[in-house]
Amino acid sequence: MDRAKLQWQRRRTLGYPNNNPYSKIMSFLPARKGRNRQRYEGHLRLVAGCIPYRFQKDVDDSNGSVTSRITVLMISTPNRDDLVFPKGGWEDDETVHEAACREALEEAGVKGILDEDPLGVWEFRSKSSQNCCSMEGGCRGYMFALEVTEELESWAEQTSYKRKWLSPEEAYKYCRYDWMRNALRVFLRSIEDDRMSGMAEKFVEHPMFPAADAKAEQQMFASGSYSAKPPAVQHLEGSFTTNNNCIVQG
């Protein structure tokens, strides 16, 4: 079987594919609240998120040629001018892919094609622990790329988050956290690498894991046996300085 055909067969959708009986009602389910099912590794809360993007076609009127440019989707929060990518807690009844897709749906109201391999793994501080210089309150975040195929007119957390499509340059400028800027750089490099290599398909289908397999997937990530080899984790310890002042990010 050739590589392109294999990639197409492994193509993954939003984590709630069309043959899933819940796919038609997912848009109307309320956002999950609380941390009763939250996953942890030691003191680190596990988080999943994504960089939603799309290719936008532009037509050059002078010669009729069509080019495409990439834009990324960020969300705003009340009383702030900076922006973030969708992310949130990875819970114990879902896989990391499902968690990333759920956060995109709840916070940004978008569905699409999720890359199977993470862009990387970053460690950072939650907003509630910004003044803490211990290891308590840290997060380990798995970030993915999500090619958006559908934007919903209404979504679970629409009153809290507003969508904004931006150029990569604008996204970098308005991004709230340094670790998200790093994720954006990794994403743009991956897109450029795909263009240079001439690959027709980057994204792969990954069958939905039943909830029973979610724990096994977490163990794969934790043990390092997961087939993808993301960039080295940006460790939380790296945010400490010799005088115990913390560089904190939420």
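Worth saying up front: this structure is predicted, and the values here are computed from it rather than measured.
- Checked against Val110 for a side chain to side chain contact (heavy atoms under 4.5 Å, CB included), the options Ile75, Leu152, Leu146, Leu105 give a single hit: Leu146.
- Residues Phe187 and Met143 are not in side-chain contact: their nearest non-hydrogen atoms beyond the backbone lie 4.5 Å or more apart.
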*What's the verdict on side chain to side chain contact (heavy atoms under 4.5 Å, CB included) for Phe124 and Tyr177, showing C-alpha distance, side-chain angles and the deciding distance?*
CA-CA 9 Å; Phe124 54 92; Tyr177 305 121; over 6 Å; no

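- Note that the CD1 atom of Ile51 and the CG atom of Leu188 stand 7.5 Å from one another [nearest 0.5 Å].
- For the atom pair Arg176 CZ and Ser76 OG, the distance stands at 9.0 Å (nearest 0.5 Å).
- The number of heavy atoms from other shown groups lying within 6.0 Å of NZ (Lys173) does not exceed 12.
- Between Arg102 and the options Glu157, Glu94, Glu107, a salt bridge (Lys or Arg N to Asp or Glu O under 4.0 Å) holds for only Glu94.
- With rounding to the nearest 0.5 angstrom, the CD1 atom of Ile70 is 6.5 Å from the CZ atom of Arg195.
- Using a cut-off of 4.0 Å between Lys/Arg side-chain N and Asp/Glu carboxylate O, Arg37 and Asp92 are scored as salt-bridged.
- Side-chain contact check for Ile191 versus Phe55: some heavy-atom pair is nearer than 4.5 Å.
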*Hey, mind stepping through Phe85 and Met74 against side chain to side chain contact (heavy atoms under 4.5 Å, CB included) and telling me if it holds?*
CA-CA 5 Å; Phe85 294 113; Met74 303 190 77; 3.5 Å; yes

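- Using a 4.5 Å cut-off on side-chain heavy atoms (C-beta onward), Phe144 and Val96 make contact.
- Partners of Glu192 under the salt bridge (charged side-chain N to carboxylate O under 4.0 Å, His left out) rule, at least two apart in sequence or in another chain, do not exist in this structure.
- Distance CH2/Trp165 to OH/Tyr53: 10.0 Å, rounded to 0.5 Å.
- Looking at residues two or more places apart in sequence or on another chain, you find no ring-ring contact (aromatic ring centres under 6.0 Å, His included) involving Tyr174.
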*Do Leu46 and Tyr40 pass the side chain to side chain contact (heavy atoms under 4.5 Å, CB included) test, and can you show the C-alpha distance, the side-chain angles, and the key distance before you say yes or no?*
CA-CA 5 Å; Leu46 300 186; Tyr40 292 88; 5.8 Å; no

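- Here the CZ-CG distance, from Arg189 to Asp194, works out to 13.0 Å after rounding to the nearest 0.5 Å.
- Checked against salt bridge (charged side-chain N to carboxylate O under 4.0 Å, His left out), Arg163 has the following partners two or more places apart in sequence or in another chain: Glu151.
- The distance from the CZ atom of Arg54 to the CZ atom of Arg69 is 8.5 Å, given to the nearest 0.5 Å.
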